[in-house]
Amino acid sequence: DAKTTQPPSMDCAEGRAANLPCNHSTISGNEYVYWYRQIHSQGPQYIIHGLKNNETNEMASLIITEDRKSSTLILPHATLRDTAVYYCIDPEYGNKLVFGAGTILRVKS
Amino acid sequence: DTAVSQTPKYLVTQMGNDKSIKCEQNLGHDTMYWYKQDSKKFLKIMFSYNNKELIINETVPNRFSPKSPDKAHLNLHINSLELGDSAVYFCASSQAGGGEKLFFGSGTQLSVL
């Protein structure tokens, strides 16, 4: 079973920021938290990962709390093409990625 | 060029048949994976190979046998197919030491009738 907890679904207006929360309260001190997304009928796509500092790339920003027990993925200007299932992952032993149910993000015009 | 490519994209077959799904990556990665996504959409890791050696083997029936002829290829053979094998199978690859940044293929939808 996945070690993270995410809301099952969220809606966001097109052009607005989408903030997707994740709880990973059992994460170890040296484990990264990873975010992936899966657009309908496609394979999962890597978005971003982080350890304890906030991270930003061309796709998103990742804000990690100081105690590392939760994080928020931010899509600064959501578009319709960002509608997908978003997965927050705390890797298992052996560096396995275990995908939970994720958050279904619906971006609406 | 597609980074991780799987063939076929769709596979429809009868129970009891033997089938194979092929995967190739042109990223120069050392590690390749097979994941299964069932009807409830949960993605579960099945196997992982690093430079042609098996490193992760989850609780998967031994009817499923991965084969890695070289580090760019990881094929999945399934013997005596059952109804419950119907799912979408995803191949992925990552760079050794590159953490868990995986690149996934577009999936093979297997339907067992």
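Letters A, B, ... mirror the listed sequences (proteins, then strands); counts begin at 1. Scope of the values below: all heavy atoms of this structure, side chains included, with no hydrogens, waters or symmetry mates.
- The CD1 atom of A:Ile47 sits 12.0 Å away from atom NZ of B:Lys101, with the distance rounded to the nearest 0.5 Å.
- Residues B:Tyr89 and B:Leu81 fall within the same hydrophobic cluster, defined by Ile, Leu, Val, Met, Phe, Trp and Tyr side chains chained together at heavy-atom separations under 4.5 Å.
- With a 4.5 Å cut-off on non-hydrogen atoms, B:Tyr35 touches chain A through its side chain but not through its backbone.
- No continuous path of ILVMFWY side-chain contacts below 4.5 Å connects A:Ile48 to A:Tyr87, so the two sit in separate hydrophobic clusters.
- For residues 102-113 of chain B, no residue pair satisfies the salt bridge (charged side-chain N to carboxylate O under 4.0 Å, His left out) rule, not counting sequence neighbours.
- Note: A:Pro44 leads A:Ser41, A:Gly43, A:Pro44 in heavy-atom pairs under 4.5 Å with chain B.
- Within residues 105-113 of chain B, the residues having any heavy atom under 4.5 Å from a heavy atom of chain A are, by residue number, B:Gly105, B:Ser106.
- Follow the hydrophobic side-chain contacts under 4.5 Å out from B:Leu11 and you reach B:Trp34 in the same cluster.
- For residues 14-28 of chain A, no residue pair satisfies the salt bridge (charged side-chain N to carboxylate O under 4.0 Å, His left out) rule, not counting sequence neighbours.
- With a 4.5 Å cut-off on non-hydrogen atoms, B:Gln37 touches chain A through its side chain but not through its backbone.
- Ranked by heavy-atom pairs under 4.5 Å with chain A, the list B:Leu43, B:Ile45, B:Val4 is led by B:Leu43.
- In this structure, A:Tyr36 contributes its side chain and B:Leu102 its backbone to a donor-acceptor pair below 3.5 Å.
- Across all their heavy atoms, A:Phe99 and B:Phe42 have their closest contact at O-CD2, 4.3 Å.
- Judged as a salt bridge (charged side-chain N to carboxylate O under 4.0 Å, His left out), the pairs with a partner in residues 76-86 of chain B (not counting sequence neighbours) are, in order, B:Arg63-B:Glu82, B:Arg63-B:Asp85.
- Side-chain heavy atoms closer than 4.5 Å link hydrophobic residues (I, L, V, M, F, W, Y) into clusters, and following such links, possibly through other members, connects A:Val33 to A:Leu75.
- The two atoms that bring A:Gln38 and B:Phe90 nearest to each other are NE2-CZ, 3.5 Å, heavy atoms only.
- B:Met15 and B:Ile78 fall within a single hydrophobic cluster, where Ile, Leu, Val, Met, Phe, Trp and Tyr side chains are chained together by heavy-atom contacts under 4.5 Å.
- Enclosure of atom OH in A:Tyr46 by more than 12 non-hydrogen atoms of other residues, nucleotides or ligands within 6.0 angstrom is indicated.
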